[in-house]
Amino acid sequence: MSYLSEQQIIRRKKLNQLKSLGINPYPSEEYLITDTICKIHKNFIEKENVSIAGRLMRLRILGKASFGEIKDHTGSIQVYFTKNDLTSNKMKKEDVYDIFLKKLLDIGDIIGVEGFLFKTKMNEITIHVNKLTLLSKSIRPIPQVKVDKNKKIYDAFSNVEQRYRMRYVDLIVNDDVKDIFLKRTRIIQEIRNFLDKKKYIEVDTPVLQSIPGGAIARPFKTYHNALGIPLYLRIANELYLKRLIIGGFHGVYEFSRNFRNEGMDRFHNPEFTVLELYVAYKDYYWMMDFTENMMKHIFDLFHEENHDINFQIPFPRISILDAIKKYTGFSIKNMDQNDLRKVCQELHIEENIKMSKAKLIENIFEEKCEKHYKNPTFIIDYPIVMSPLTKKHRCDNSLSERFELIINGKEIANAYSELNDPVDQLYRLKEQIKLSEKKTDDEFMLIDKDFIRALEFGMPPTAGIGIGIDRLVMLLTKNKSIQDVLFFPQMRPEKKGKK
RNA sequence: GACCUGAUAGCUCAGCUGGUAGAGCAUUACACUUUUAAUGUAAGGGUCCUGGGUUCGAAUCCCAGUCAGGUCACCA
C-alpha cells in the first residue's frame, strides 16, 4: 500500500465514523429516482417533490443552511439544505445536518436527495432537500474546478497525462470531454443507420488471425496454447470481408478495431477503428459518389458551426499524378525508381535506394501535396505499384482504380475497385513480398493462400472502402490528437509507488 | 528511434544568480439560515519524478534514467 495523503486519511476516518453510526457508505438497495436533472430544469414546477441522485460537486456551508451542487448524467442542479428540514434514514434528526452533512459528507460523494423545487432570489432552480441518502462514499478527493458567472474556468484539471490515465476523473470534472465521446457514439450510430438503410449487413470477422493480411504493418503477436500456434491481432479485416462477398453477401460492413505494432503520435494509437464497407457489382466511381453522400449526411449533422472547412459536394476529384505535377512541377508518370529518386532529391525529400517506387511517390505526395487539400478532395488513380489489392485502371495499365479522401490535409478514407483476378492477385502479393523482403524478413509477410483460394471461386466486381473513424471524429470534434477521441489511449505503465 | 520542453501539496501553479519550500482552490477547526469562484479567522498538509555527481549546503547546477507533451523519423 502506498502512502495516503492527509485528505485520503481523513476520508477513510469518515468512512469508519459513518459505519459506526449505522450508515452503510455503500448500500446495495435500489435508489428510486423520479427525475433527471435535465428534466427538472426543463419542466420546473414550484413546490414539486423530486428525488434525484448524483455526485456532490460543491458544498457551501453557511451556518444552519447550506448550498450544494449535484451532478448526474444529464446536468447539474443546486440543492439547499437547512438544519430544520434535513432528515436521513437511521439517524436522529438533530444530527443529520450537524454531523452527517457538515462533518461526514465530502465533495465527490454520490448521494440521493428528496425534496421540493423552488427558485432562489438569484432565480436559480434549487431543490430544498428533506431527505439525504449516502449512496457511495468517495475516499479520494476530486480536483476542484471552478467556473464563474462569465464561464471562466479556474484551476482546470488540465494535466494531459493525468486526464488520459484517469479518464474517469476527466469525465467527472470536465464537461466538454463527455460531449466529445457522446458525439463519437452518435457519429458511429448515424453511419450505421445510413448503411443499414441501404440493406448492407453488419458483420463480425476474426480479430485473431493466423496470417495478418489486408495491409502491411507490423502486427501484435500472441500464442494460442491449445492449438499450439502463433496468432496475430488483425491489422485489417479486408480479406475477410471479401470472403463474405464471395460467399454471396451483396454488401457487408464492419467497424473494425485494428491493431498495429508501430510508432505512436497524435494521429496513431496502437488500436484504432476503421469502418470497412464492401459492395458487390460496384466500382470505385460508384464508391466516390456513395462516400460523398454519406459524408455530406454526416457533416450536415455533426460539423461544428465555426468549422473553416467547406463540406460542399461534389468533392473535387484529382489524379495523384496531376496533384504532384501541380504542386511540384514534375510529371512523374512512367518514371522509374532512379528518376523518382532524382525528383525527391530536387524537392529535398528524403529518399534512399531501398525505397520502392510506390514509397517514393507516396512520399512526394505526402510531403508536397496532401497538406494543400483542406476541403474534402478525392485523390484518385494511384500508380499500380502502390496498390496491391486494387484493380488495374480500365484505361491505363500503370494505374489502379483507387481513391483516397483527403480532408484537412489528412487521409480519412481509402477505397478501390477490388482486385478479383486470383492469378494477378497472387502475383502481386508475391511482388509485394519481394519488395518488403529487401527491408525486412519478418515472418508475417506470408500470403494468405485461403484468400487466394476464395478468389479462385470467383468474386464479383466489388468496390471497397475503409474510413478512419478516429480521424473522422477528430475532424468533427476539432481535436488535434487521437488521444482526445479515445476514452483510454495507450500509455506506458505508471511508475510503481505512485499514489 | 532523434531532438526540444516539462514533472514542486489532492488540483492549478510560483519558487531569481545554490542557503532547510510558497500561493489560490481543496482539507481541518470556529463563526454564519438565500449562497453561487460564498465570506471571515486560525491550523494542518511535501519522497520538490528516480538515482548518482559537484558543493560546507541542491527543488535550483551537472550526468544518467522514468513518465508525459510537442517536432521529426517510422507507418500502403
Side-chain angles (χ1 to χ4, degrees), chain A residues 2-11 13-14 57-69 76 78-86 97 102-103 106-108 118-124 126 128 138-166 169 173 214-218 235-236 238 260-268 270 350 356 358-359 361-363 365-366 382-383 385-390 400 402 404 411 414 416 432 435-436 439 466 480-481 483 489 491-499:
Chain A
S2 43
Y3 295 102
L4 295 179
S5 70
E6 182 194 35
Q7 293 194 47
Q8 286 176 299
I9 292 165
I10 288 166
R11 288 193 180 206
K13 275 187 189 156
K14 291 181 181 181
M57 299 301 288
R58 236 170 284 292
L59 186 59
R60 297 181 285 276
I61 294 172
L62 335 138
K64 296 187 180 65
S66 299
F67 287 90
E69 185 186 318
S76 295
Q78 180 163 270
V79 290
Y80 178 60
F81 306 99
T82 62
K83 180 166 170 144
N84 288 344
D85 299 338
L86 192 64
Y97 186 86
K102 281 171 76 174
K103 302 292 176 195
D106 281 300
I107 290 170
F118 74 107
K119 280 189 181 174
T120 63
K121 68 181 179 189
M122 297 298 286
N123 214 29
E124 178 159 348
T126 303
H128 186 118
S138 164
I139 58 170
R140 208 178 255 270
I142 57 170
Q144 277 303 114
V145 179
K146 298 211 168 186
V147 183
D148 73 10
K149 308 170 198 93
N150 305 319
K151 305 247 167 180
K152 192 167 176 225
I153 297 171
Y154 299 81
D155 299 335
F157 179 58
S158 55
N159 181 308
V160 281
E161 180 176 359
Q162 299 216 63
R163 287 185 45 227
Y164 297 153
R165 287 196 194 280
M166 297 191 281
V169 176
V173 145
I216 287 184
R218 195 180 313 157
I235 56 174
E238 168 157 355
R260 296 188 182 179
N261 203 342
E262 287 165 356
M264 291 164 57
D265 59 33
R266 67 196 178 89
F267 292 101
H268 297 86
E350 199 181 310
S356 64
K359 182 74 201 156
I361 296 168
E362 192 189 318
N363 282 358
F365 181 76
E366 283 181 3
Y382 285 66
V385 289
M386 296 173 76
S387 317
L389 298 163
T390 309
S400 61
R402 171 176 171 193
E404 288 194 359
E411 174 197 341
N414 181 19
Y416 25 90
Q432 191 69 36
L435 289 174
S436 64
K439 293 189 286 192
K480 292 195 178 106
S481 169
Q483 297 173 106
M491 289 276 185
R492 285 196 169 82
E494 276 180 276
K495 274 175 294 201
K496 280 180 197 166
K498 178 93 180 165
K499 290 175 222 173

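Worth knowing before you read on, the calculation uses all heavy atoms, side chains too, and leaves out hydrogens, waters and symmetry mates. Numbers restart at 1 for each chain; the letters A, B, ... are given by sequence-line order, proteins then strands.
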Base paired to [N] (Watson-Crick or G-U; both N/O distances under 3.5 angstrom):
N	result
C13(B)	G22(B)
C30(B)	G40(B)
C72(B)	G1(B)
G65(B)	C49(B)

What are the two closest non-hydrogen atoms of [X] and [Y], and how far apart are they?
X	Y	value
Arg260(A)	Ala236(A)	NH2-CB, 4.4 Å
Gly108(A)	Ile142(A)	CA-CD1, 4.2 Å
Gly63(A)	Tyr97(A)	O-OH, 2.8 Å
Val173(A)	Val145(A)	CG1-CG2, 3.2 Å

With no angle test and no hydrogens, is the base of [N] tied to the side chain of [X] by a donor-acceptor pair under 3.5 Å?
X	N	value
Glu362(A)	A76(B)	no
Gln144(A)	U12(B)	no
Thr120(A)	U35(B)	yes
Asn84(A)	U33(B)	yes

With nearest nucleotides of RNA chain B determined for Ala156(A) and Asn363(A) from heavy-atom distances, which residue corresponds to the more 5′ nucleotide?
Ala156(A)
5'-most contact on RNA chain B (nearest-nucleotide basis), Thr82(A) vs Ile107(A), goes to Ile107(A)
Think [X] has a side-chain N or O under 4.0 angstrom from the OP1 or OP2 of [N]?
X	N	result
Lys149(A)	A37(B)	yes
Arg492(A)	A68(B)	yes
Arg60(A)	U35(B)	no
Lys121(A)	U35(B)	yes
Gln162(A)	A68(B)	no

Please state how far atom [atom1] in [X] lies from atom [atom2] in [N], giving the value in whole angstrom units.
X	N	atom1	atom2	answer
Lys146(A)	U36(B)	NZ	C1'	9 Å
Tyr80(A)	U36(B)	OH	C1'	13 Å
Ile61(A)	U39(B)	CD1	P	14 Å
Arg11(A)	U28(B)	CZ	P	8 Å
Ile153(A)	U12(B)	CD1	C1'	13 Å
Arg266(A)	C72(B)	CZ	P	8 Å
Phe81(A)	U36(B)	CZ	C1'	14 Å
Glu404(A)	A76(B)	CD	C1'	8 Å

Under a 4.5 Å cut-off applied to non-hydrogen side-chain atoms, are Thr120(A) and Tyr80(A) in contact?
no
Among [options], the nucleotide that comes nearest once only the side chain of [X] is considered:
X	options	answer
Arg58(A)	A37(B), A38(B), U33(B)	A38(B)
Phe67(A)	G69(B), U34(B), U12(B)	U34(B)
Asp106(A)	G44(B), U28(B), A38(B)	U28(B)
Gln78(A)	U28(B), U35(B), C67(B)	U35(B)
Lys103(A)	G69(B), A29(B), G70(B)	A29(B)

When you compare G53(B) with U60(B), how far apart are their C1' atoms, in angstrom units rounded to a whole number?
15 Å
Looking only at side chains, do Thr390(A) and Arg402(A) share a donor and an acceptor under 3.5 Å apart?
no
Considering every strand and a 4.0 Å limit on heavy-atom distances, what is the contact class for [X]: base, sugar-phosphate, or nothing?
X	value
Val173(A)	nothing
Gln483(A)	sugar-phosphate
Lys14(A)	sugar-phosphate
Glu124(A)	base

From the options Lys119(A), Glu69(A), Arg60(A), select the one residue that forms a side chain to side chain donor-acceptor pair (under 3.5 Å) with Gln78(A).
Arg60(A)
Ring-on-base stacking between Tyr154(A) and A37(B), under 5.5 Å between centres and under 30° between planes: is it there?
yes
